[in-house]
Amino acid sequence: MLDKKYDFKEKEQKWMDYWKENNVYEFKPDQREVYSIDTPPPTVNGKIHIGHIFSYSQAEMMARYKRLKGFNVFYPFGFDDNGLPSERLVEKEQGKKAAEIGREEFSKLCYETTDKYESDFQDLFSKMGVSTDWKMYYKTVSPSTIKISQLSFLDLIEKGHCYHKESPALWCNECLTSIAQAELETKTIKTMFNYLNYETTDGETFTIATTRPELIPAIVCVFVNPEDEKHKHLIGKTAHIPVIDIEVPILADEKVAIDKGTGVVMCCTFGDQTDIEWWKKYNLPLKYIFTDDGRIVDSVKNYGGLKIKEARAKIIEDFKEAGYLVKQEELEHEVQTHERCGKEVEYSVMKQWFIDIMNHKEDFIKIGNEIKWYPDHMHARYDEWVNNVAWDWCISRQRYFGVPFPVWYCKDCGEPIFARKEDLPVNPLSDKAPADKCPKCGCNEFVPETDVMDTWATSSVTPLINMRYGEENNYEDFLKPMSLRTNASEIIRTWDFYTIVKSFYHFGTRPWDNVMISGFVMADKGEKISKSKGNSKVEPMDLINNYSADVIRYWAGSGRLGTDIIFSEETLQRGRKLINKIWNVSKFIEMHLADFKDKEFTDFEYIDKWIIGKFEEMEKGYIKYLDNYEMGLALNHLEKFFWNFCDNYIEIVKHRLYRPEEFGDTPRYSGQKTVYMLLYKLLQDFSIFFPFITEEIYQELYKDEKSIHLTRIKELEYNFDKEAKIGDEIVDIISQARGEKSNNNLSLKTPIKNLELSLNSELKEAINKSIKDFKATLFIENLKISDVEKDYSIDKIELNLEEQE
RNA sequence: GGGCGUUUAGCUCAGUUGGUUAGAGCACUUGCCUUACAAGCAAGGGGUCAUAGGUUCGAGUCCUAUAACGCCCACCA
């Protein structure tokens, strides 16, 4: 017997445990076709917020749907505990910087901290009903993952897509590491635009404008546009920079915008990306004046040792004092900052490991075209990113916690020595180099690489982790490619892109067939919820405790794929009502199934055919939506049917179920068979959204499998299309007659003394077939039906008011 | 500045390939304790579909432009 009230706290815990104990979501290869999902491993940086719940729930619903459709669903779950986010979390918890703690101790703390958070996260996702096989759980810094990341690196080295080179790279002097283009975030800041006078060596004065005067000591030349009438005569002359007292050539380049600033621009190594381009194009000298932690190098006269901002102020002051500062203007502009810490990025020049991006952009676009993107317009975002990428992918980070490069260098000549694949995973800091002497110079001493890999260098191998790349018993057969990648739109440029890059280099193929992109959760109108803003008003755990996981999933599953959603308590209320209704109607149905035995039956009552026909129609739409990854539209569609089922069908059939002596046993059986069959199917269809309550009801009423989540959707084939259509007209008439009662402020039980209808022949036949149901539902005493060519009309409703006493 | 998206009832959102009087939930109003459910049921009011043009017999839906908002990117002279 179902309980009078559904206690979600008790039941959700119960089924969560049951699924785990009975390995309901276990993955084992068998003869079924595999549907595989490449789930984003959430970054371990402190908190799972409502935005995660939203997008992971949507993906999870697809796993459940595919399982119901009969696929062998491969749905692993992992956590990204790698790299800078974890380090920052530990630094925050310890209140100390990594450098103060020491490399070894710090790594240990990283492991401990991420373990602790991951077990909380696992618990939260389990409570949300995530149907993953936790036995396939992975971390991005475990020995097996490190091995795969290192294998991937060595494979790319072998294939010539990865190189070590001294090259300008983006540098964060807060995190003290190089970073990749994808890790940038643009910010608008107010700054000062400084107009400074320089001179040519033959005595002409010209003005340049700069927001970064501290870079002047790094100036290597001055550019003007060759078309610039005002300045082109300067080309070829030599400029003398006052205060700093250096001389540089004046060159021409059409990239200089005549109308920006003064039209004259200084090129420093390096202030921005254009500087780097010019530096390469004109083979300019390199003057690198910043230290890694954001100071001016000591060799710069007067300014050495100052912080960047201090140097900026001092140089301006010196220019002013010397009379070379023309004017200052306040300017608002965008700067590039490091997304992890928010600090403005600089450029540094040191040896870094890069993966070649620039030579294969066309291939990446091609692979993007082979993948189906849901919603389709997300594909454009990918293309746009690939077309705009300007750098090769720098994968080395001067940090501590992450995947070590399996590399040593010859102490004398610097030749890299790579680990042997069979020795992986290795840590060059503790393991010995796999060579006795350098093959190039014969030296027998080696220095370990101290850098670690970028987070994305590791998370981009999730398909490889999933397929157990490089192992004996691997899943390469059925995971190349995987069926689906799911993530939010913000990481198309990182996770999706880099995974495609790696898949292309390793296998020459796409990593997945489909990509499903979810939208964002907005805190309020127009404000994205994000960790950095700390504007999430609701904690997932509180929500689960207050509303239940099923209700939260209702919210997560509503709305269109890829569309942003505002967190709304109202949607939660709506979900709560729906779940309550599912419970109550199930109780009602259970009550009437005490003597029911399921058997072959075709002699359905007209109204039963109507609702079965409506269900068949609904389920077609439900499947169509889900096949297009539109779980929100599917849910909406299903919900709409369900309320119709409760408010109209059940209201009609209940009389027949209660009073067999009046309606007959076979008509009653028809009703029993209908509710039995449809509730089963409704529970299945709802189960992808509400895994808990549907399981509770299923176990009580059906239980033909270990779990409802192991059943299969089989579409009905009654094809009651005609009844579905005409039955709607009967319901219309019922609704209008109810309206008449309601408008007279009367109970719906008020008898109708006389009802006169004019009906077309089809509808008349239908009502005659369902005459007992029809009369009982409306409490009709006398019914008169006249014929009409088409449509129908209600000619008279006379209510029996005497009964009200 | 570029790419993509959004704009429909007070609020949150649906609206298939263009086709009658534009839908739902919440909120609001009026009733109804009806042998599952008052966390319920029935009914009602409420919209110049962002704006301006255009295509069409017909536009919320297609085209063009504009505006506001959001996401991503480019802009450090």
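Numbered from 1 within each chain, the chains take letters A, B, ... in sequence-line order.
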Does any non-hydrogen side-chain atom of Trp385(A) lie less than 4.5 Å from one of Phe364(A)?
no
Filtered N/O pairs between nucleotides 2-4 of chain B and protein, under 3.5 Å:
unit_1 : atom_1 : unit_2    : atom_2 : d
rG2(B) : N2     : Glu384(A) : OE1    : 3.3
rG2(B) : N2     : Glu384(A) : OE2    : 3.2
rC4(B) : O2'    : His377(A) : ND1    : 3.1

Secondary-structure notation, RNA chain B, from Watson-Crick and G-U pairs under 3.5 angstrom (| other strand):
(((((((..((((.....[...)))).(((((.......))))).....(((((..]....))))))))))))....
RNA chain B contacts made by residues 211-223 of chain A, counting heavy atoms under 4.0 Å:
Thr211(A), Arg212(A)
Per the under-4.0 Å heavy-atom filter, residues of residues 624-641 of chain A near RNA chain B come out as Lys624(A), Leu633(A)
Rounding to an integer number of angstrom, what distance separates rA22(B) and rG58(B) when you compare their C1' atoms?
15 Å
Taking the C1' atom of each, how far is rA9(B) from rA27(B), in whole Å?
11 Å
Given rA74(B), is OP1 or OP2 found less than 4.0 Å from the side-chain N or O atoms of Gln336(A)?
yes
Contact pattern, 5' to 3', of nucleotides 39-46 of chain B - B, S or - by protein heavy atom under 4.0 Å:
BSSBS---
Could you tell me whether Met591(A) contacts a base, only the sugar-phosphate backbone, or nothing, with contacts defined as non-hydrogen atoms closer than 4.0 Å?
sugar-phosphate
Base, sugar-phosphate alone, or nothing: which one does Phe779(A) contact when heavy atoms must sit under 4.0 Å apart?
nothing
Partner set under salt bridge (charged side-chain N to carboxylate O under 4.0 Å, His left out) for Asp773(A), not counting sequence neighbours
Arg656(A)
